[in-house]
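All values below come from the heavy atoms of this structure, side chains included, with hydrogens, waters and symmetry mates left out. In each ligand, atom 1 is the first atom listed, and ligand 1 is the first ligand listed.
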Amino acid sequence: MRTSRIPGFYKLSVDERLERVKEFAGLTDEEVELLRRTGALEIEQANRMVENVVGTTELPLGIATNFLINGRDYLVPMAIEEPSVIAAASNAAKMARERGGFQAESTDPIMIGQIQLLGVRDPYKAEEVILSNKEEIIKIANEQDPLLAKLGGGARDVEVRILDSPAGRMIVVHLLVDTRDAMGANIVNTMVEAVSPFIERIAGGDAHFRIVSNLATRRLARARAVFAKEAIGGEEVVDGILQGYAFAVADPYRCATHNKGVMNGVVAVALATGNDSRALEAGAHAYAARSGRYQPLTRWEKNEDGDLVGEIELPVAVGIIGGATGAHPVAKVSLKILGVKTARELGEVMAAVGLAQNFAAMRAIAVEGIQRGHMKLHARNIAAMVGARGETIDRVAEQLVREGRIRADRAKEILEELQRRG
Ligand code: MEV
């Protein structure tokens, strides 16, 4: 059985980890080599991706273990500069396994394209005429991308909104497009530009802004998990987390940090897979404020057994084809490790990782304060910095944490002491 439950993964060397990932995901030797060597993105590839290229920059790519989502095991590649995030996700996913891991679902991958219509004399009449020409608008949109329609995607619907703005009344037309496995911003932008002349003609206004919306409320992913109280440290921990959650519900200052914790996970998966993290961030925070009050992206409660139940819902405008997902060599390997077959599945994994991350952050803060968790890794880094290798890193780090003094001079002393004792 292929399992993502790999105890002690963090203790393995990079090569040993790669071996396990290779086995799990069926990577080729070349793919392993690509991950192993830094600078996998060649300068010429980079030069084709963006403008004015002078170099590339790198982030560590780690693997979150233990994820069981809809009964399937996933190893989750995460690209991030922040320590503790990948360990926290793996740990939360391990705790969730006891009650079956994560249950996730998603809507169809529908993006919204917006057309701002100015100078319309009778907005209600225009609304009526646009809606009665829906079929024609959809037809023009779908002529822009016949392949997408063949793959089961394409423009699906048209909506009209009448808005009062600081510049007066305006009509906003929404084109709803099923972009299948692409993130879809390009497709949608092409379509809204293509249908605009027709809409101008029938509605009698000027199409001004024509652009995708990052508030992808029609492209949502949800995940749910039950954390058994015994698995997470007992009733007190459950209650402690719920108090912290209530803080986020009541206070936007806490809520921004709460949601930042969620996005630590979501964005790390996005960066690993070559997705647009800004689009995800914009969508997530706007979605969190959709009621007019900025709220947590997750919901937490206690069930009748006293276990902690968490849910997340967020927009996930992500793709597994097109853009950097196909152009960046590491993104391609990351997608292979994940083994997701559709963009929807990728969104569901991201939702599960976001929920896990949020749980882990709240648990750490509730139980021991965030710094202690960070300390361990920091101590390991210091130990390695002063020359400790292999198991000695852990022994030096443990001593540093025990003493509560994470300093290089002390690490050196401890290392020398251990070396003297052999
Ligand atoms: C740090 O990157 C994220 C946290 O601040 C999230 C939270 O406070 O819930 C730990």
Relative to the heavy atoms of Ala361, which atoms of ligand 1 are at a distance of less than 4.0 Å?
6 (C), 7 (C), 9 (O), 10 (C)
Ignoring hydrogens, just give me the one of Asn358, Asn264, Val85, Ile365 whose non-hydrogen atom is nearest atom 3 (C) of ligand 1.
Asn264
Partners passing salt bridge (Lys or Arg N to Asp or Glu O under 4.0 Å) against Arg402 (at least two apart in sequence or in another chain):
none
Can you find a non-hydrogen atom of Lys260 under 4.0 Å from ligand 1?
yes
With a cut-off of 4.0 Å, which atoms of ligand 1 are near a heavy atom of Thr257?
5 (O), 6 (C), 7 (C), 8 (O), 9 (O)
Taking every non-hydrogen atom, the tightest pair across Glu345 and Thr342:
N-OG1, 3.0 Å
Could you tell me whether ligand 1 has any atom less than 4.0 Å away from a heavy atom of Arg254?
yes
For Asp305, which residues count as a salt bridge (Lys or Arg N to Asp or Glu O under 4.0 Å) partner, sequence neighbours excluded?
none
Evaluate the ring planes of Phe227 and Phe359, with Trp represented by its six-membered ring, and classify them as parallel (under 30°), tilted (30 to 60°) or perpendicular (over 60°).
parallel
Distance-only side-chain donor-acceptor flag, Asn259 / Tyr294, under 3.5 Å
yes
Give the contacting part of Met362 toward ligand 1: side chain, backbone, both or neither, where contact means a heavy-atom distance below 4.0 Å.
neither
Flag the pair Arg37 and Glu42 as a salt bridge only when some basic side-chain nitrogen lies within less than 4.0 angstrom of an acidic carboxylate oxygen.
yes
May I ask you to list the atoms of ligand 1 that are less than 4.0 angstrom from any heavy atom of Glu82?
1 (C), 2 (O)
